[in-house]
Amino acid sequence: MSKYQPLWEYVQRGGSKTCRLTFEEIQAIVGIPIDHSFLTYKKELTEYGYVVGKISRKEQTVIFHKIP
């Protein structure tokens, strides 16, 4: 099980076309702070029907997009 699986499931359950979460919200969902490994793990999200659209370090947000 991936350490980010709870996040992928959360985004999928939401079912929206676009989902924006803060780093703090992601930490609350997965129980760990977001780190550089997120860039590697984000590829798993396609299995859940979504992709990572934009990661903003300045705003500390991640935007997820549903795959059409």
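Quick note: numbers below take in every heavy atom, side chains included, and nothing from hydrogens, waters or symmetry partners.
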_Derivation of the side chain to side chain donor-acceptor pair (under 3.5 Å) call for Ser2 and Glu44_ = CA-CA 9 Å; Ser2 164; Glu44 301 172 344; 2.6 Å; yes
*Answer yes when Glu59 and Arg20 have at least one side-chain N-carboxylate O distance shorter than 4.0 Å, and no when they do not.*
yes
*Find the distance between CG (Leu21) and CD1 (Ile29) and round it off to the nearest 0.5 Å.*
5.0 Å
*Report whether Ile26 and Val51 are members of the same hydrophobic cluster (ILVMFWY, side-chain heavy atoms less than 4.5 Å apart, transitive linking).*
no
*asked:* If the condition is side-chain hydrogen bond (donor to acceptor under 3.5 Å, both in side chains), which residues does Glu47 pass it with, not counting sequence neighbours?
replied: none
_Nearest 0.5 angstrom please: Glu25 CD to Cys19 SG, how far?_
8.0 Å
*For Gln5, does the CD atom sit with more than 12 other heavy atoms under 6.0 Å from it, leaving out its own atoms?*
yes
*asked:* Could you go through Val62 and Thr22, starting from their C-alpha distance and side-chain angles, then the distance that decides it, and tell me whether this counts as side-chain contact (heavy atoms from CB on, under 4.5 Å)?
replied: CA-CA 6 Å; Val62 179; Thr22 65; over 6 Å; no
*According to a 4.5 Å side-chain heavy-atom criterion applied to Ile, Leu, Val, Met, Phe, Trp and Tyr, with indirect links allowed, do Tyr10 and Ile55 form part of one hydrophobic cluster?*
yes
_Which atom of Lys3 lies closest to which atom of Tyr41, heavy atoms considered_ = CE-CE1, 3.7 Å
_Are the side chains of Val52 and Leu45 in contact, using a 4.5 Å heavy-atom criterion?_
yes
_Would you say Leu39 ends up clustered with Tyr50 if hydrophobic residues are merged whenever their side chains have heavy atoms under 4.5 Å apart, either directly or through other cluster members?_
yes
*Distance from Gln12 atom CD to Leu7 atom CG, nearest 0.5 Å?*
11.5 Å
*Please step through side-chain contact (heavy atoms from CB on, under 4.5 Å) for the pair Phe64 and Thr18, ending with a clear verdict.*
CA-CA 6 Å; Phe64 302 92; Thr18 301; over 6 Å; no
*Provide the full list of ring-ring contact (aromatic ring centres under 6.0 Å, His included) pairs with a residue in residues 18-40, sequence neighbours left out, each pair given once.*
Tyr4-Phe38, Trp8-Phe38
